[in-house]
Novice: 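Dropping a structure here in structure tokens format, bear with me for questions.
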Amino acid sequence: DYTIEAFPTDIDIQYNLHERLNLISYVGTDGLELDAALPDDIEMNIQSIITAGTAAIRDADSSWIGTLTEWNVLTGYWVNVYIDGDMSTYDILSFSFVDDNNSDENLSRREITKTVNNPNGKLPIELQYVQSTNQAFYFFDSISIDGVEALYGEWLIAYKGDVIVGAREWNGEPVDVP
């Protein structure tokens, strides 16, 4: 465990994102669900979100799948923005984070200190891997090998050669594997 401290984020921060990947911070209430923090009129423009060791992507029903389920301050996020799919235009998506449950609440944090736990802490030691800036995610909604369904508690392991580069425990729900 370690502690991160930072200067407070400007309460009037306006995000101006271009189509495709953008690196952003988050200012708001820790633990707010992904769509709850986004303004209703732009939330469907955000197609996927990646942060250190976790990710979320919209499925065919526009619901989020993956292990990333909430926003937290002092965390960087890669957000994949889709506006019209035409990369020859310079489309911009502008927004500020909101709290739909309490729109009068000021989302700026006053206390900017966070204790960070080891993201691989639940992994068996033989499956632990090093976080990478070149990490990608694979999403699975069902798993069967030779017609046999994966059981809850079994591990999905990603390798590059003989090196483990990611792992997730299967719980029967759609999951991301780094």
Side-chain angles (χ1 to χ4, degrees), residues 1-7 9 15 17-38 43 45-82 97 109 111-178:
D1 292 352
Y2 58 93
T3 300
I4 298 173
E5 294 184 18
F7 292 106
T9 303
Y15 294 88
L17 309 181
H18 58 82
E19 195 151 24
R20 296 294 176 243
L21 291 174
N22 298 263
L23 181 60
I24 65 169
S25 60
Y26 169 69
V27 56
T29 305
D30 267 344
L32 204 56
E33 290 182 8
L34 299 179
D35 280 341
L38 295 167
E43 66 186 34
N45 295 99
I46 308 295
Q47 296 297 299
S48 64
I49 307 170
I50 299 172
T51 191
T54 60
I57 191 169
R58 291 197 187 274
D59 66 8
D61 297 327
S62 297
S63 299
W64 289 110
I65 61 172
T67 55
L68 178 61
T69 59
E70 62 188 34
W71 297 97
N72 289 289
V73 298
L74 298 178
T75 302
Y77 296 92
W78 284 101
V79 295
N80 188 10
V81 174
Y82 179 86
F97 281 106
R109 299 275 306 222
E111 180 182 328
I112 309 295
T113 301
K114 176 180 180 179
T115 300
V116 179
N117 297 317
N118 178 354
N120 294 335
K122 294 180 181 179
L123 285 173
I125 191 132
E126 63 272 13
L127 298 181
Q128 292 195 3
Y129 56 92
V130 176
Q131 184 66 44
S132 168
T133 58
N134 294 320
Q135 192 170 58
F137 290 86
Y138 297 91
F139 290 84
F140 298 90
D141 58 5
S142 66
I143 300 171
S144 120
I145 300 172
D146 294 330
V148 177
E149 297 291 321
L151 301 174
Y152 292 4
E154 292 185 322
W155 287 91
L156 308 173
I157 305 166
Y159 290 90
K160 180 177 182 186
D162 60 353
V163 176
I164 295 176
V165 295
R168 283 284 190 267
E169 187 174 10
W170 178 246
N171 66 1
E173 298 290 326
V175 66
D176 59 328
V177 179

Novice: Below 4.5 Å, heavy atoms only, C-beta onward: do I57 and Q47 meet side chain to side chain?
Specialist: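 Not in contact.
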
Novice: Among V79, N22, V27, which residue meets the side chain to side chain contact (heavy atoms under 4.5 Å, CB included) test with Y15?
Specialist: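 Among V79, N22, V27, the one meeting side chain to side chain contact (heavy atoms under 4.5 Å, CB included) with Y15 is V27.
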
Novice: Ignoring hydrogens, what is the shortest heavy-atom contact between L151 and W170? Give both atom names and the distance.
Specialist: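 Smallest interatomic distance, heavy atoms only, reads O-CD1, 3.5 Å.
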
Novice: For F137, enumerate each residue passing the ring-ring contact (aromatic ring centres under 6.0 Å, His included) test, keeping only those at least two apart in sequence or located in another chain.
Specialist: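 Checked F137 against ring-ring contact (aromatic ring centres under 6.0 Å, His included); zero matches.
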
Novice: Under 4.5 Å between any side-chain heavy atoms of D176 and L68, yes or no?
Specialist: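 With C-beta onward as the side chain, the pair stays apart.
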
Novice: Report yes if the distance between the aromatic ring centroids of Y77 and W71 is under 6.0 Å, otherwise no.
Specialist: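 Judged by ring-centre distance (under 6.0 Å), Y77 and W71 do meet the cut-off.
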
Novice: Please list all pairs meeting side chain to side chain donor-acceptor pair (under 3.5 Å) that have one or both residues in residues 51-65, counting only residues at least two apart or in different chains.
Specialist: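 Counting only pairs at least two positions apart or across chains, the side chain to side chain donor-acceptor pair (under 3.5 Å) contacts touching residues 51-65 are D35-R58, D35-W64.
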
Novice: Taking only residues at least two apart or on different chains, which pairs with a member in residues 144-162 satisfy side chain to side chain donor-acceptor pair (under 3.5 Å)?
Specialist: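 Found none.
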
Novice: Contact between L32 and Y26 at the side-chain level, heavy atoms closer than 4.5 Å - yes or no?
Specialist: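 They are in contact (side-chain heavy atoms under 4.5 Å apart), so the answer is yes.
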
Novice: Nearest 0.5 Å please: distance from the OG atom of S48 over to the OH atom of Y82.
Specialist: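 Atom-to-atom, S48:OG and Y82:OH are 13.5 Å apart.
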
Novice: Working to the nearest 0.5 angstrom, can you tell me the gap between W78 CH2 and L23 CG?
Specialist: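 Answer rounded to 0.5 Å: 4.5 Å.
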
Novice: Would you sort out whether L38 and F97 count as a side chain to side chain contact (heavy atoms under 4.5 Å, CB included), showing the intermediate values?
Specialist: CA-CA 5 Å; L38 295 167; F97 281 106; 3.8 Å; yes

Novice: Would you compute the distance between atom OG1 of T75 and atom CD1 of I24 and round it to the nearest 0.5 angstrom?
Specialist: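 Between atom OG1 of T75 and atom CD1 of I24 there are 11.0 Å.
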
Novice: For residues P178 and G53, report the shortest heavy-atom separation together with the two atoms involved.
Specialist: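 In terms of heavy atoms, the two residues are closest at CG-O, 4.2 Å.
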
Novice: Please step through side chain to side chain contact (heavy atoms under 4.5 Å, CB included) for the pair I157 and Y129, ending with a clear verdict.
Specialist: CA-CA 10 Å; I157 305 166; Y129 56 92; over 6 Å; no

Novice: How many angstroms lie between CD in E169 and CG in N171, if you round to the nearest 0.5 Å?
Specialist: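 The CG atom of N171 is 7.5 Å from CD of E169, to the nearest 0.5 Å.
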
Novice: Of the non-hydrogen atoms in L123 and A167, which two are nearest, and what is the gap between them?
Specialist: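 That would be CD2-CB, 3.9 Å.
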
Novice: Nearest heavy-atom pair of R168 and T67: which atoms, and what distance?
Specialist: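 Of all heavy-atom pairs spanning R168 and T67, the closest is NH2-OG1, 3.1 Å.
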
Novice: For the CD1 atom of I143 and the CG atom of L156, what is their distance to the nearest 0.5 Å?
Specialist: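 Between I143 CD1 and L156 CG, I get 3.5 Å after rounding to 0.5 Å.
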
Novice: Just verifying a value: how many Å separate N80 CG and I46 CD1, rounded to the nearest 0.5 Å?
Specialist: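 Separation between the atoms: 8.5 Å.
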
Novice: Might you point out which heavy atoms bring A55 and I50 nearest each other, and give the distance in Å?
Specialist: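 For A55 versus I50, the nearest heavy atoms are CB-CG1, 4.1 Å.
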
